Amino acid sequence: MNKKPPPAASLPTRLVHAGKAPVFEGGSPVNPPVVRASTVLFDSVAQQRDMRMRRGDERLFTYGARGNPTNFALEDLVSELEGAYRTRLFPTGLAAIAMTLLSYLKPGDHVLMSDSVYEPARKLVDSFLTPYNIRCTFFAADGSDVEEKIETSTRMIYAECPGSLVYEMCDLPQLAEMAHARGLLLAADNTWGSGCQYRPLALGADISIMAATKYLSGHSDVMMGTVATTQETWQPLAERSDAFGMTVSPDDAYLVMRGARTLAARLAMHERGGLQVAHWLQSRPEVATVFCPALPEHPGHALWARDCKGSNGLVSFELQSAFDQAAAERLIDSLALFGIGASWGGYESLVTLADMRRARSVSDWSDRGQVIRLHVGLEDPADLICDLIQGFATLAS
Ligand SMILES: *Cc1c(COP(=O)(O)O)cnc(C)c1O
């Protein structure tokens with residue numbers, strides 16, 4: 001028997017119960033099975049025809065590229081997490097972003113993108129939007145200049161909140177109101193919030209994108225992106241994704257699903273460790289600024305406190321400008337517990353040098369110090385701080 005949790009159950013409860021396995025004769029496994037398939041067999045030509053007619057609107061198992069029961073279970077879990085009508089899965093987070101732009105924009109349209117977007121999303125402007133005559137203007141990461149940048153051909157506002165690298169906050173409900181008053185769509189990259197800490201659809205967005213590669217999967221061993229939408233916004237995404245043959249492997253969907261079961265528990269630990277490291281960084285004279293929206297000193301803290309349920313393991317800091325890039329690199333290279341690498345959201349701690357001058361075009365970072373991004377993993381924060389203490393000692397040399 002598949003039991004359904006009561007609708008009022010809290011998120012950690014729903015994460016455990018969403019996307020159940022089908023019932024088999026005799027009983028059912030706890031986890032949805034991996035269903036590998038290209039061909040799907042039908043009982044008759046009439047059934048095949050009926051399925052083909054209905055699969056545009058309904059989610060039916062009709063062909064490998066149209067999804068399979070493993071992927072459907074993960075889609076359901078993400079829809080639950082995001083408070084969405086439905087969800088589509090993509091091979092990477094970046095593919096999810098690209099398919100969102102491709103689904104809702106056409107030549108001649110204009111899109112407003114936040115200055116704080118994940119850098120490869122910014123690169124899509126030169127590599128895809130501009131050559132296809134879709135114009136893009138970047139707006140200030142706090143959203144303050146959005147209204148004046150809206151044009152008659154604007155179709156979409158694309159936000160990332162909190163922003164990549166330094167976690168700028170914008171007022172998403174206000175952007176939603178502004179967008180909907182003019183018939184525009186509001187899309188948000190929700191990778192930071194992962195549905196647990198931030199829920200763009202509940203705040204008025206039409207489309208929420210996540211790199212499931214990060215916290216959802218949580219183990220640095222699988223790539224995936226998700227796009228969740230409201231019912232009114234669903235059709236263009238579904239049609240375009242089918243037209244482009246977008247699908248993911250059921251093995252990968254299984255891995256993301258397995259990670260997502262413990263998302264709430266892991267995030268609580270990442271948040272606790274992240275805050276401990278953030279407070280320690282604030283005590284260091286070598287540090288000019290600590291970036292984490294849960295800190296009262298963060299410029300977006302009030303919006304974070306209003307709209308987010310918590311934070312995560314991402315903490316960035318700016319060194320005093322007396323320290324050059326070579327000093328920052330010395331510090332990074334000396335760390336033993338923080339791996340040097342891109343991405344984040346796994347169980348392990350990471351460190352990377354952030355190039356803010358390259359990552360922003362609206363805000364000016366030319367006079368600022370070196371920015372280092374940490375991802376605080378599930379290690380004991382006391383050990384991580386010990387490691388940072390010896391790392392900071394290299395700054396003195
Ligand atoms: C990592 C990331 C992505 C892209 O995810 P991939 O799966 O690596 O393509 C998108 N948005 C944000 C905010 C990210 O941090």
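Order of appearance sets the numbers: ligands from 1, and atoms from 1 within every ligand. In this text the structure is predicted, and so the values were computed from the model without any measurement.
Surrounding CZ of Arg55 are more than 12 heavy atoms belonging to other residues, nucleotides or ligands, all under 6.0 Å away.
Pocket lining of ligand 1, defined as residues with a non-hydrogen atom under 4.0 Å away: Thr92, Gly93, Leu94, Ile97, Tyr118, Glu160, Ser164, Asp189, Thr191, Ala211, Thr213, Lys214, Met223, Trp344.
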Exercise for review: Go through the steps to decide whether Arg330 and Asp333 satisfy the test salt bridge (Lys or Arg N to Asp or Glu O under 4.0 Å), and finish with yes or no.
Suggested key: CA-CA 5 Å; Arg330 224 168 34 241; Asp333 289 348; over 6 Å; no
Check your understanding: When you look at Leu175 and Leu203, which way does the side-chain contact (heavy atoms from CB on, under 4.5 Å) test go after all the steps?
Key -> CA-CA 10 Å; Leu175 285 188; Leu203 295 170; over 6 Å; no
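For Glu147 and Arg182, the salt-bridge test passes: some basic side-chain N is under 4.0 Å from an acidic carboxylate O. At a threshold of 4.0 Å, the pair Asp307-Arg199 does not count as salt-bridged, since none of the basic side-chain nitrogens sits closer than that to a carboxylate oxygen.
The aromatic rings of Phe291 and His298 sit perpendicular to each other, their planes meeting at more than 60°, with 30° as the lower class boundary.
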